[in-house]
Amino acid sequence: MLVLGIETSCDETAAAIVDDSRQIRADLVLSQLDEHRPFGGVVPEIAARSHLERLDGLVAEAMRRAGVEFSDLDGVAASGGPGLIGGLIVGVMTAKAIAAVHDRPFIAVNHLEGHALTARLTDDVAFPFLLLLVSGGHCQLLIVEGVGRYRRLGTTVDDAAGEAFDKGAKLLGLGYPGGPAVERAAAGGNAARFDLPRPMIGRAEPDFSFSGLKTALRLRVGDLACNGALGQRDQRDLAASLQAAIAECLADRTARAIAIARESHASLTALVVAGGVAANGTIRAELQKVATRAGLRLVVPPPRLCTDNAAMIAWAGVERLRLGSIDDLDFAPRPRWPLDPAAPKAIGAGVKA
């Protein structure tokens, strides 16, 4: 079984070919960082236009590298949401066109499900497992019971961890993207110098909140920079303190979710961490401690497959195609598409559910 995957949900244009033996035949990603860096974040219109200009050529190159023709494909999968609607339209319409012309099944993949199932592509993780999905736009804890079967235990009530990294980097003058910039600066900093808050720690519900942490950082920066630019030592120590606070919050909330998950799923197979923030070494180390204490295997895909990519979309397409789960060509892209639609709405501004 051979599936073409297309990813255009945000600021990476990606195409990949994956088969059901877990072999990634081709995996191409074109980053738009240089186009968005002058603005300090992703500009939706710029992202959509870039996808439109690049996607056809990228798909052709992926097919060439994989050594296959469209007639060899068993399905065409594309991110159908959640994400920036302009980019989603570009990817979905391209996938539909290929599927229609070559009479192949079309699979609309929930971008978050792509992240959720990546551990099954890289490590063949069995169901059920606990997933910490942590990225620039999402921060959730879910029990993954099977393909299309998710139970959300916790979510962010305001901002995601990746957003806290991005905004924190901007406040510290570290540049964009924020996650890698903060991690680099933190490597030379003292995380104990500044006592930043750890929102939600100790609460019974494994939810997240990072807006207060961002505010605390802004106030610290304001105090230190009142007489001029922020010094390098202050910059590094604040970066280390911010990273430590985020890591501790994620670890505490995840430990709480494991306890809750085991009440209904005693046979959890692993703690899986997915999304761009999973590439952070300090966070991975803290989550390894959580997994070890709980007697669980920690599975974190390679950094390239933590960030947005099309291999995860192609693999989710394989998983769904196996079950006969395909979509009609009238599928409409969805800027919001929760993995667990039955989960109660969290109370808070800007909830990313």
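Quick note: residue numbers are just sequence positions, from 1.
- Salt-bridge formation is not detected for the pair Asp223/Arg220: no Lys NZ or Arg NE/NH1/NH2 atom is positioned less than 4.0 Å from an Asp or Glu carboxylate oxygen.
- When every heavy atom of Arg104 is checked against every heavy atom of Ser71, the shortest pair comes out as NH2-O, 2.6 Å.
- Applying the ring-ring contact (aromatic ring centres under 6.0 Å, His included) test to every pair with at least one member in residues 49-108, sequence neighbours left out, gives these pairs: Phe70-His102.
- For the pair Val221 and Leu219, the minimum side-chain heavy-atom distance is 4.5 Å or more.
- Remark: Ala278 engages Val273, Val300, Cys306 in a side chain to side chain contact (heavy atoms under 4.5 Å, CB included) (not counting sequence neighbours).
- Between Asp207 and Thr155, the closest heavy-atom pair is OD1-N, 2.9 Å.
- Counting all heavy atoms, side chain and backbone alike, Ala261 lies closest to Leu130 at CB-CD1, 4.3 Å.
- A heavy-atom distance below 4.5 Å is found between the side chains of Asn280 and Phe165.
- By the side-chain hydrogen bond (donor to acceptor under 3.5 Å, both in side chains) test, Asp103 pairs with no residue at all, sequence neighbours left out.
- Between Arg320 and Glu113, at least one side-chain nitrogen of the basic residue sits less than 4.0 Å from a carboxylate oxygen of the acidic one, meeting the salt-bridge criterion.
- Looking at Arg203 and Asp252, no side-chain N of the basic residue comes within less than 4.0 Å of a carboxylate O on the acidic one, giving no salt bridge.
- Listed by chain and residue number, His115 satisfy the ring-ring contact (aromatic ring centres under 6.0 Å, His included) test with His111 (two or more places apart in sequence, or in another chain).
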Side chains of residues 75-83: which donor-acceptor pairs under 3.5 Å do they make with residues two or more places apart or in other chains?
residue, atom, partner, partner atom, Å
Ser79, OG, Glu7, OE1, 2.4

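- Using a 4.5 Å heavy-atom cutoff, the side chains of Leu250 and Ile246 are in contact.
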I'd like a table of donor-acceptor pairs (distance under 3.5 Å, sequence neighbours excluded) in which one partner is a side-chain atom from residues 166-189, with atom names and distances.
residue, atom, partner, partner atom, Å
Asp166, OD1, Gly178, N, 2.8
Lys167, NZ, Glu163, OE2, 3.2
Glu183, OE2, Gly281, N, 2.8

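- Separating the OG atom in Ser50 from the CG atom in Leu30 is a distance of 7.5 Å, to the nearest 0.5 Å.
- Partner of Val272 under the side chain to side chain contact (heavy atoms under 4.5 Å, CB included) criterion, chosen from Leu296, Leu133, Val299, Thr122: Val299.
- A heavy-atom distance below 4.5 Å is not found between the side chains of Met312 and Leu121.
- Under the salt bridge (Lys or Arg N to Asp or Glu O under 4.0 Å) criterion, Arg22 pairs with Asp124, not counting sequence neighbours.
- Between Phe331 and Trp337, the ring center distance clears the sub-6.0 Å criterion.
- Under the 4.5 Å side-chain contact rule for hydrophobic residues, Leu117 and Leu323 share a cluster.
- Under the 3.5 Å distance criterion, the side-chain polar atoms of Lys96 are matched with a main-chain donor or acceptor of Leu329.
- Residues Ser267 and Arg262 bring no donor and acceptor atom of their side chains to less than 3.5 Å of each other.
- How far CG of Asp11 is from OG of Ser31: 6.0 Å, rounded to the nearest 0.5 Å.
- Rounding to the nearest 0.5 Å gives a distance of 7.5 Å between CG of Asn110 and OH of Tyr150.
- Under the side chain to side chain donor-acceptor pair (under 3.5 Å) rule, Ser209 has a single partner from Asp158, Thr156, Asp159, which is Asp158.
- Judged as a side-chain hydrogen bond (donor to acceptor under 3.5 Å, both in side chains), and not counting sequence neighbours, the contacts of Arg198 are Glu248.
- The shortest heavy-atom contact between Ala62 and Ile17 is O-CG1, 3.9 Å.
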For a side-chain contact (heavy atoms from CB on, under 4.5 Å) check, start with the C-alpha distance between Val290 and Arg293, then their side-chain angles and the critical distance, and finish with the verdict.
CA-CA 5 Å; Val290 171; Arg293 286 195 296 267; 3.7 Å; yes

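- A salt bridge is defined here as a Lys NZ or Arg NE, NH1 or NH2 lying under 4.0 Å from an Asp or Glu carboxylate O, and Arg151 with Glu263 fails to meet this definition.
- Two residues are said to be in side-chain contact when any heavy atoms from C-beta on lie closer than 4.5 Å; Asp27 and Arg304 meet this criterion.
- Residues Leu88 and Leu58 fall into different hydrophobic clusters, defined by Ile, Leu, Val, Met, Phe, Trp and Tyr side chains chained together at heavy-atom separations under 4.5 Å.
- Under a cut-off of 6.0 angstrom, the local environment of CD in Gln23 is crowded, with over 12 non-hydrogen atoms contributed by other residues, nucleotides or ligands.
- To the nearest 0.5 Å, atom CD1 of residue Ile107 and atom CD1 of residue Ile326 are 7.5 Å apart.
- Contact record, Pro206 with Leu141: O-CD1, 3.7 Å, taken as the closest heavy-atom pair.
- Not counting sequence neighbours, the partners of Ala343 by the side chain to side chain contact (heavy atoms under 4.5 Å, CB included) test are Arg152, Asp340.
- Arg193 pairs by the side chain to side chain contact (heavy atoms under 4.5 Å, CB included) definition with Asn190, Leu224, Arg233, Asp234, Asp237, not counting sequence neighbours.
- Neither Ile46 nor Val90 shares a network with the other; the hydrophobic side chains, linked directly or stepwise wherever heavy atoms of I, L, V, M, F, W or Y lie under 4.5 Å apart, form separate groups for each.
- Between the side chains of Gln288 and Thr292, at least one donor N or O lies within less than 3.5 Å of an accepting N or O.
- Put simply, the side chain of Val29 does not reach to within 4.5 Å of the side chain of Thr13, judged on heavy atoms.
- Classification of Glu319 and Arg120 as a salt-bridged pair holds, one side-chain N sitting under 4.0 Å from a carboxylate O.
- In terms of heavy-atom proximity, Ser135 sits nearest to Gly276 at CB-N, 4.1 Å.
- Take Ala314 and apply the side chain to side chain contact (heavy atoms under 4.5 Å, CB included) test, not counting sequence neighbours, and it matches Val3, Val18.
- Cluster membership for Leu4 and Leu28, using ILVMFWY side-chain heavy atoms within less than 4.5 angstrom, is not shared.
- The structure places CD1 of Ile98 at 8.0 Å from CG of Leu73, a figure rounded to the nearest 0.5 Å.
- Taking CG of Asp19 as the start and CG of Asp74 as the end, the distance is 10.0 Å to the nearest 0.5 Å.
- Electrostatic pairing of Arg49 and Glu53 does not count as a salt bridge here, judged by no charged N lying under 4.0 Å from a carboxylate O.
- With sequence neighbours excluded, no residue satisfies salt bridge (Lys or Arg N to Asp or Glu O under 4.0 Å) with Arg253.
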Test log, rule side-chain contact (heavy atoms from CB on, under 4.5 Å), inputs Phe208 and Val157:
CA-CA 6 Å; Phe208 304 90; Val157 300; over 6 Å; no

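- Taking hydrophobic clusters as Ile, Leu, Val, Met, Phe, Trp and Tyr residues chained together by side-chain heavy-atom distances below 4.5 Å, Ile283 shares a cluster with Phe210.
- For the pair Ile313 and Ile6, the minimum side-chain heavy-atom distance is 4.5 Å or more.
- Side-chain contact between Leu142 and Leu153: absent, with no pair of heavy atoms (C-beta onward) separated by less than 4.5 Å.
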